[in-house]
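A short worksheet on the structure shown next.
Values below: every heavy atom of this structure, side chains too, minus hydrogens, waters and symmetry copies.
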2 protein chains.
Amino acid sequence: MDTIDFKALSELMMNGRMTWAELGSCLGLSSPATAERVRRLEDQGVIKGFTALVDHEAVGCALTAFVAVSLERPEHRNRFLQKIMEMQEVQECHHVAGEDDYLLKVRCKGTRDLERVVSDTVKSIPGVARTRTTIVMSTPKETPSPPLFPEDIIDATRR
Amino acid sequence: MDTIDFKALSELMMNGRMTWAELGSCLGLSSPATAERVRRLEDQGVIKGFTALVDHEAVGCALTAFVAVSLERPEHRNRFLQKIMEMQEVQECHHVAGEDDYLLKVRCKGTRDLERVVSDTVKSIPGVARTRTTIVMSTPKETPSPPLFPEDIIDATRR
DNA sequence: ACTGAAAACTGCAGGCC
DNA sequence: GGCCTGCAGTTTTCAGT
């Protein structure tokens, strides 16, 4: 077990961009060895990729909501999931135990958009028996995530 | 309005690492101009940083759960939030409208860990009146997120 | 996994629109 | 103000050990 400088490592991860040499020095490795390990992690699927983490509010995605969905019968599942996959506003879809079947995390510009997503789109999917929407007022803690609508970033770039 | 190659752009964003030149060519820009724009986005706070996106299951974080929390009185809020901030397992904390006050997204290794987090830690915070935990069985859709426990990645590195 | 070279990329300067 | 071209400094990559 080598000597890993966790403090330096987390500092490095905080401000984002880093070189293999920097990362390696936290781990006590040279840059080629570090690059090799990261490449292996990608091959194994541990690392899915690399992205920018965006402040969704800053790009006009100010509203977050959780939508619990109940399905009438299991037969409707595939069609439902297929539709969900296509919806950009749905950031997450979890199959949950308990009263409801699915829990969606939805992100959009405002209440008008939410209405469209929930009432028009989700409820129109065959087999959706009922939905319960919970609006997020503020989020004190959240690990930032990749952009949902890359085109909005492009717009922000121009300002 | 310039000509943006969205198809190439999203392909590029999918497989992660890219050079300014590559990104720029999708936008119809040279590398210095591209780097400059991204730097500006960072200054504006639109881009919070850059990270690796990890498959949490692959690093042993196999259990996801949503925990709804009700607080007795507003006075308890600050202390509650402070404690939440310290908990690595809590990936998100949202202040929500409706029946409950907060909705936590929790990630941990297994049910044993969940018990510790919910029953021992969250419920022991002063002012927590009740919690309702919803277990996630599978998640058909989720944008990957940065690592919650960097040390687990280090371990995976060694395999 | 380390060292050292070639190749590639980034960042800065200067000029242009 | 924002963008493009060329050069110097780094960083990554690919040998060989």
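- Within the structure, ring pair (Phe, Tyr, Trp, His ring centres under 6.0 Å) pairs that include any residue of residues 113-154 of chain B do not occur (at least two apart or interchain).
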Tabulate atom names and distances for all N/O pairs under 3.5 angstrom spanning the protein and nucleotides 11-14 of chain C.
from   : atom 1 : to    : atom 2 : distance (Å)
C:dG11 : OP2    : B:W20 : NE1    : 3.3

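- Checked against D:dC3, D:dT11, C:dC2, the side chain of B:R37 finds its nearest nucleotide in D:dC3.
- Apart from A:M85 itself, the hydrophobic cluster it occupies contains nothing, where clustering links Ile, Leu, Val, Met, Phe, Trp and Tyr at side-chain heavy-atom distances under 4.5 Å.
- The separation between B:M18 atom CE and C:dT10 atom C1' is 16 Å, rounded to whole Å.
- Across the protein-nucleic acid pair, A:R39 atom CZ and C:dA1 atom P stand 12 Å apart, rounded to whole Å.
- Under a 4.0 Å N-O distance rule, the pair B:E99/A:R132 does not qualify as a salt bridge.
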Begin with the C-alpha distance, continue with both residues' side-chain angles, and end with the deciding distance and a verdict on salt bridge (charged side-chain N to carboxylate O under 4.0 Å, His left out) for B:D101 and B:R77. CA-CA 10 Å; B:D101 294 318; B:R77 214 177 55 201; over 6 Å; no

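- Each end of the helix from C:dA1-D:dT17 to C:dC17-D:dG1 gets its own axis, taken as the rotation carrying the C1' atoms of four end pairs onto the next four within a five-pair window, and the two axes meet at 30° to the nearest 10 degrees.
- The side chain of B:T19 sits closest to C:dC9 out of C:dC9, D:dC4, C:dA1.
- Under the ring pair (Phe, Tyr, Trp, His ring centres under 6.0 Å) criterion, A:H56 pairs with no residue, sequence neighbours left out.
- Other residues sharing the hydrophobic cluster of A:L81, ordered by chain and number and joined by side-chain separations under 4.5 Å: A:L63, A:V67, A:V69, A:L71, A:F80, A:I84, A:M87, A:V90, A:Y102, A:L104, A:V106, A:L114, A:V117, A:V118, A:V122, A:I125, A:V128, A:I135.
- For the 3.5 Å distance criterion, the side chains of B:E92 and A:T143 fail to qualify, holding no donor opposite an acceptor.
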Take A:I47 and B:L53, measure what side-chain contact (heavy atoms from CB on, under 4.5 Å) needs, and give me the verdict at the end. CA-CA 6 Å; A:I47 291 180; B:L53 303 173; over 6 Å; no

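- Whole-Å rounding puts the B:L29 CG to C:dC16 P distance at 21 Å.
- Distance, B:L23 CG to C:dA8 P: 20 Å, rounded to whole Å.
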